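The structure appears right after this line, and notes come after that.
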Amino acid sequence: MAGNSEPLSPRAKLAVTAGRAAAAVSRVAGRGSGSVIGGKVALRFDPDLLARLARHLDVVLVSATNGKTTTTRLLAEALRANGQVVSNALGANMPAGITSALAGGSEARYGVIEVDEKYLATVARDVAPKAIALLNLSRDQLDRAAETRMLAEKWREGLAGVEAIVIANADDPLIVWAASSSPTVVWVAAGQEWKDDAWSCPSCGGVLQRPSEDWYCAECGFRRPTPTWALSEDHVIDPYGVAWPIHLQLPGRANRSNAAVSAAAAAAFGVDPKIALERMYKVQAVAGRYDVVTYQERELRLLLAKNPAGWLETFSLIDRPPTPVILSVNARGADGTDTSWLWDVDYTRLAGHPILVIGDRKMDLAVRLEVAGLQFLVCSDLDEAVRSAPPGRIESIANYTAFQDLRRKVGN
Amino acid sequence: MTDSSLRLVWVYPDLLSTYGDQGNALVVERRALQRRVPVSRVDVRSDQPIPTSGDIYLIGGGEDRPQRLAAERLRRDGGLNRAVANGAIVFSVCAGYQILGHEFVNDLGRPEPGLGLLDVVSVRGEGERCVGDVLADIDPQLGLPPLTGFENHQGVTHLGATARPLARLRVGKGNGTGDGTEGAYNDTVFGTYMHGPVMARNPHIADMLIKLALDVNALPPVDDQWYDALRAERIAAAVQPA
């Protein structure tokens, strides 16, 4: 076991202490959990702290455009079957937040770490992970994120020299391109509904052919690898062909996909799929997502959708019409300020639902819905939307900062 | 127009659809249908030939490598140039705008020939990426209200003698040449750096294209309340950023 065989140096200990102090000050000042500021202060005292902290752990990294926070939770739960886990469960997924999370787990055996897409190669180099789980890549935050294919290219270069087992989604051509430079890859047929970022072959630029579930490039031969694990409806099929039932409290196909990848990753650490999947049932809401709350005597389910792929997966899990739906979109810094992506989302999927529109960019949404030929009501705020919603549990779908606004408002 | 339907062609969504470019097709389609003009929309993937019988062709924005691939395939295909020679209308955005010109700088840092449908040449800007709300006055000859849009590009486009600026900037970088121009047009071929997508914020441009295609001077009015509200909000945001 990784354990504490090699204690931290005095310098590293000092850095951890300084970081904790800064975090405590930040908490007292009412500026959130303080994990990011704590990590920043600690890294300033000891720039190699992340690598030093990770040396004591079996580390798994999780990265993707969508589902990384949830998968981190599911996988952490699965690995707890074998020992203590430290994890950045609150989604602080850049080096400072990760350092802070690891500093909190001196007794842990495993580190299950969510990593922002842009930092994957750097963090992978620093922490020498045992495994890396890669779920999907799609367009997100158009105004400031790296272009999607370039990101896949950077992953590919960054992962080429990393000795981790890579657990990767065989159904996303960009993920396959990124992962296939690694010496050891476990391919999981985890599915992906959104396909519009991968019509071009990442290798040669040819047009990808996508008959049903398969995909291949007719020009250079780059193609979907044969998976050893697969998601099949509500079962995970393991490499021996055994189908294990997935029972989650979390809704939707995307979360079953996250569970399938988590089961494959947990198996790399010797956790039996049956035990791994049973433990995943414990995961309820993840940072407020999927939570059902009561507000103004109405039940609201809080759903986060940050980009076209996320909206698509969210539409497939909401209750049927005439369930009312509140949509909220902002375009602040953390959301990306370019709202063009609204036009990549197929809102006609909401036909039949009463639709209530709020958020900073409700007028963008109103035009989008008008052009989709849908009926909707633009409301000034959440209270008005809830008051105006016909009976029944309300599905509330919001992008990043709109979701935070929503949680604050309902006291979640 | 040989019949009363509008043939709308969306060029290469597999390569040039990074910034919600489908929106322009959806808005044109919707506003034609609201006028009871039947629409047949064809989305042409880059391994398919470009039909030459379309009325309106839309080309969107994209990343650097897909842009080069699109230019290569469009040059090889030749269909878009034939369609324009037949009088077809083309509306292009960002990477698509650059492709319509004589030349642009590709992902390998080399000059890439375009289609020569617009008298413009594009290079890569040296400064920061142009990102933000834009407000501009459209060429008075087109008789349209102000242009509002969101720009998100690194390109700089120089206009030649036969290309007219689509608009004069009040706020934003537009063509990035520092001369206050945004976009370009010539007869039936239009180019702009505006996302948003541009038709969602400027439905009058969609109407202009429909009128050009149908060869009519006016269209029956439609309810523009949400477009108007969005325009007012974004114009205010451009003038006074948050």
Side-chain angles (χ1 to χ4, degrees), chain A residues 138-139 141-153 195-210 217-219 307-308 330-333 336-348 357 360-373 376 378, chain B residues 12-15 17-31 33-34 45-48 60-66 68-70 72-73 93 107 129 131-133 149-152 195-201 203 222-234 237 242:
Chain A
S138 69
R139 62 189 66 184
Q141 298 189 341
L142 296 175
D143 60 332
R144 60 198 183 98
E147 295 180 339
T148 312
R149 198 196 65 87
M150 287 301 292
L151 202 54
E153 198 65 49
K195 298 192 165 45
D196 288 352
D197 283 302
W199 284 107
S200 286
C201 173
S203 177
C204 78
V207 177
L208 285 187
Q209 308 301 314
R210 309 192 75 157
C217 174
E219 288 180 37
N307 47 50
N330 290 349
R332 300 177 199 162
T337 53
D338 189 340
T339 55
S340 303
W341 60 268
L342 287 172
W343 295 83
D344 291 324
V345 178
D346 182 12
Y347 286 97
T348 61
V357 177
D360 295 351
R361 298 307 287 270
K362 51 179 176 272
M363 294 311 172
D364 287 82
L365 256 177
V367 171
R368 178 68 192 94
L369 298 173
E370 200 286 321
V371 171
F376 59 93
V378 174
Chain B
Y12 294 179
D14 56 319
L15 295 175
S17 176
T18 301
Y19 300 99
D21 298 289
Q22 183 190 206
N24 290 331
L26 291 173
V27 173
V28 172
E29 200 174 358
R30 169 82 173 160
R31 294 181 74 84
L33 290 173
Q34 284 177 310
R45 245 173 40 171
S46 66
D47 58 349
Q48 299 168 333
E63 304 180 359
D64 294 347
R65 185 167 86 149
R68 170 170 52 88
L69 298 173
E72 284 170 3
R73 288 168 200 176
V93 177
D107 59 323
R129 203 173 167 83
V131 181
D133 275 294
F150 190 93
E151 62 182 336
N152 185 0
H195 303 162
V198 68
M199 307 285 182
R201 291 194 183 193
V222 292
D223 181 358
D224 278 343
Q225 66 159 320
W226 297 116
Y227 295 101
D228 291 343
L230 174 62
R231 284 177 61 78
E233 178 197 292
R234 297 329 301 165

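Below, chain A is the first sequence line, B the second, and so on; all start at residue 1. Computed from a prediction, not measured in an experiment: that's the story for all the values here.
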Suppose we screen for side-chain hydrogen bond (donor to acceptor under 3.5 Å, both in side chains). Which residues come up paired with B/D64, at least two apart in sequence or across chains? none

Mind checking whether A/V367 and B/R201 have side chains closer than 4.5 Å, heavy atoms only? no

Between B/R73 and chain A, with a heavy-atom cut-off of 4.5 Å, which part of the residue counts as in contact: side chain, backbone, both or neither? side chain

If you define the side chain from C-beta out and look only at heavy atoms, does anything of B/E63 sit under 4.5 Å from A/T148? yes

Is chain A contacted by the side chain of B/R234, its backbone, both, or neither, given a heavy-atom distance below 4.5 Å? side chain

Side chain, backbone, both or neither: which part of B/E29 has a non-hydrogen atom closer than 4.5 Å to chain A? neither

Highest number of heavy-atom pairs under 4.5 Å with chain A among B/L26, B/N24, B/L69 belongs to B/L26

Any non-hydrogen side-chain atom of A/E370 less than 4.5 Å from a side-chain atom of B/D223? no

Tell me, side chain or backbone of A/D196 under 4.5 Å from chain B's heavy atoms, or both, or neither? neither

To check you understand the geometry: which heavy-atom pair defines the closest contact between B/H195 and A/S340, and what is its length? CB-OG, 3.4 Å

Between B/P66 and chain A, with a heavy-atom cut-off of 4.5 Å, which part of the residue counts as in contact: side chain, backbone, both or neither? neither

Looking only at heavy atoms, the pair that brings A/V371 and B/R30 closest together is O-CD, 3.5 Å

Using side-chain heavy atoms (C-beta onward) and a distance below 4.5 Å, is B/W226 in contact with A/L369? no

